[in-house]
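Written out below as structure tokens is the structure these notes cover.
What's counted below: heavy atoms across the whole structure, side chains too, no hydrogens, waters or symmetry copies.
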Amino acid sequence: MVFKVLLYIARKSGITPTEFQTHYETIHVPLIKKLAGADFPLSHRRLYLARPAPGDDNSFPAAVLIGSQEDFSFDAIVELTFTDEAAFKVFFARRQEPGTKELTKFKAVILGEVQETTRS
């Protein structure tokens, strides 16, 4: 059974959402693939929050439908899929190595059972 983890990643202060996404896609993901090698997850899916225009303080508020800005302090949700929990543990242990653990600050949670309903 596959093992999934969700990461909630926030951009560094002073960069725009577009700069964050460009950096993550062109620098960060290739670096993760290089450092992880064969331990890279089966998939690394990225979902970026819509932050369409800068606010008065140049903060780029999220396009919140329900809730408040404070609920969305992150800029991307990343779904990592591994063959099993053991594969995740190997990958995550590598994340704790010096020089790697400083790359990105994020929150993480193990994803439980996933249900999906589609239009039939």
Side-chain angles (χ1 to χ4, degrees):
M1 183 171 155
V2 297
F3 188 83
K4 293 187 178 230
V5 174
L6 293 179
L7 309 179
Y8 296 87
I9 303 174
R11 63 190 152 86
K12 290 182 181 179
S13 178
I15 67 168
T16 69
T18 300
E19 291 168 333
F20 167 73
Q21 183 174 346
T22 299
H23 178 81
Y24 200 86
E25 294 298 323
T26 62
I27 305 295
H28 198 79
V29 172
L31 182 59
I32 294 168
K33 284 188 83 168
K34 179 183 173 188
L35 293 173
D39 298 325
F40 190 77
L42 293 173
S43 70
H44 183 289
R45 183 173 178 229
R46 288 140 342 255
L47 303 122
Y48 295 96
L49 273 63
R51 295 183 180 275
D56 293 335
D57 59 355
N58 207 31
S59 63
F60 291 90
V64 176
L65 297 175
I66 299 173
S68 66
Q69 287 300 316
E70 293 77 31
D71 297 330
F72 300 93
S73 59
F74 51 90
D75 294 279
I77 301 169
V78 175
E79 179 185 78
L80 302 176
T81 303
F82 299 89
T83 53
D84 54 27
E85 186 174 359
F88 160 73
K89 287 180 177 180
V90 169
F91 175 81
F92 197 72
R94 297 199 62 193
R95 166 72 173 83
Q96 300 306 312
E97 294 172 359
T100 302
K101 65 181 179 180
E102 298 83 8
L103 292 176
T104 304
K105 295 194 185 288
F106 60 87
K107 296 177 183 177
V109 65
I110 295 170
L111 189 59
E113 185 175 335
V114 175
Q115 299 292 329
E116 182 175 1
T117 302
T118 59
R119 182 175 52 176
S120 304

Would you please test Ile15 and Phe60 for side chain to side chain contact (heavy atoms under 4.5 Å, CB included) and show each step?
-> CA-CA 10 Å; Ile15 67 168; Phe60 291 90; over 6 Å; no

Verify same cluster id: Val5, Val2 (apolar side-chain graph, 4.5 Å) =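 No.
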
Which atoms form the tightest heavy-atom contact between [X] and [Y], and what is the distance?
{"X": "Pro61", "Y": "Gly55", "answer": "CD-N, 3.5 Å"}
{"X": "Phe74", "Y": "Leu49", "answer": "O-CD2, 3.4 Å"}
{"X": "Phe106", "Y": "Leu7", "answer": "CE1-CD2, 3.6 Å"}
{"X": "Arg51", "Y": "Ala62", "answer": "NH1-N, 3.1 Å"}

What residue among Leu80, Thr81, Thr83 forms side chain to side chain contact (heavy atoms under 4.5 Å, CB included) with Pro41?
->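 One option only clears the test, and that one is Leu80.
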
Among Phe91, Phe3, Phe92, ring pair (Phe, Tyr, Trp, His ring centres under 6.0 Å) partner for Phe82 |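 Per the ring pair (Phe, Tyr, Trp, His ring centres under 6.0 Å) rule, the option paired with Phe82 is Phe91, out of Phe91, Phe3, Phe92.
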
Kindly compute the distance separating [atom1] ([X]) from [atom2] ([Y]), expressed to the nearest 0.5 Å.
{"X": "Leu31", "Y": "His23", "atom1": "CG", "atom2": "NE2", "answer": "8.5 Å"}
{"X": "Gln21", "Y": "Asp75", "atom1": "CD", "atom2": "CG", "answer": "10.0 Å"}
{"X": "Ile32", "Y": "Asp39", "atom1": "CD1", "atom2": "CG", "answer": "13.0 Å"}

Okay, side chain of Arg45, backbone of Glu79: is any donor-acceptor separation there less than 3.5 Å?
->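 Between the backbone of Glu79 and the side chain of Arg45 there is no qualifying donor-acceptor contact (under 3.5 Å).
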
All salt bridge (charged side-chain N to carboxylate O under 4.0 Å, His left out) counterparts of Lys89, not counting sequence neighbours |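 Lys89 satisfies salt bridge (charged side-chain N to carboxylate O under 4.0 Å, His left out) with Glu85 only.
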
Parallel, tilted or perpendicular: rings of Phe20 and Tyr48 (30°, 60°) =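 Perpendicular, since the angle between the ring planes exceeds 60°.
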
Please work out whether the ring planes of Phe40 and His44 are parallel, tilted or perpendicular, with thresholds of 30° and 60°.
->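 Parallel: the ring planes of Phe40 and His44 meet at under 30°.
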
Given the rule in the side chain to side chain contact (heavy atoms under 4.5 Å, CB included) test, do Ile9 and Val78 qualify, once you have shown the distances and angles that lead to the verdict?
-> CA-CA 8 Å; Ile9 303 174; Val78 175; 3.6 Å; yes

Please table the atom pairs, donor to acceptor, closer than 3.5 Å between any side-chain atom in residues 107-120 and protein atoms at least two apart or in another chain.
from: Glu113; atom 1: OE2; to: Gln115; atom 2: NE2; distance (Å): 2.2

Should the pair Glu25-Arg46 be classified as a salt bridge under the 4.0 Å nitrogen-to-oxygen rule?
->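 The answer is yes: the pair qualifies as a salt bridge.
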
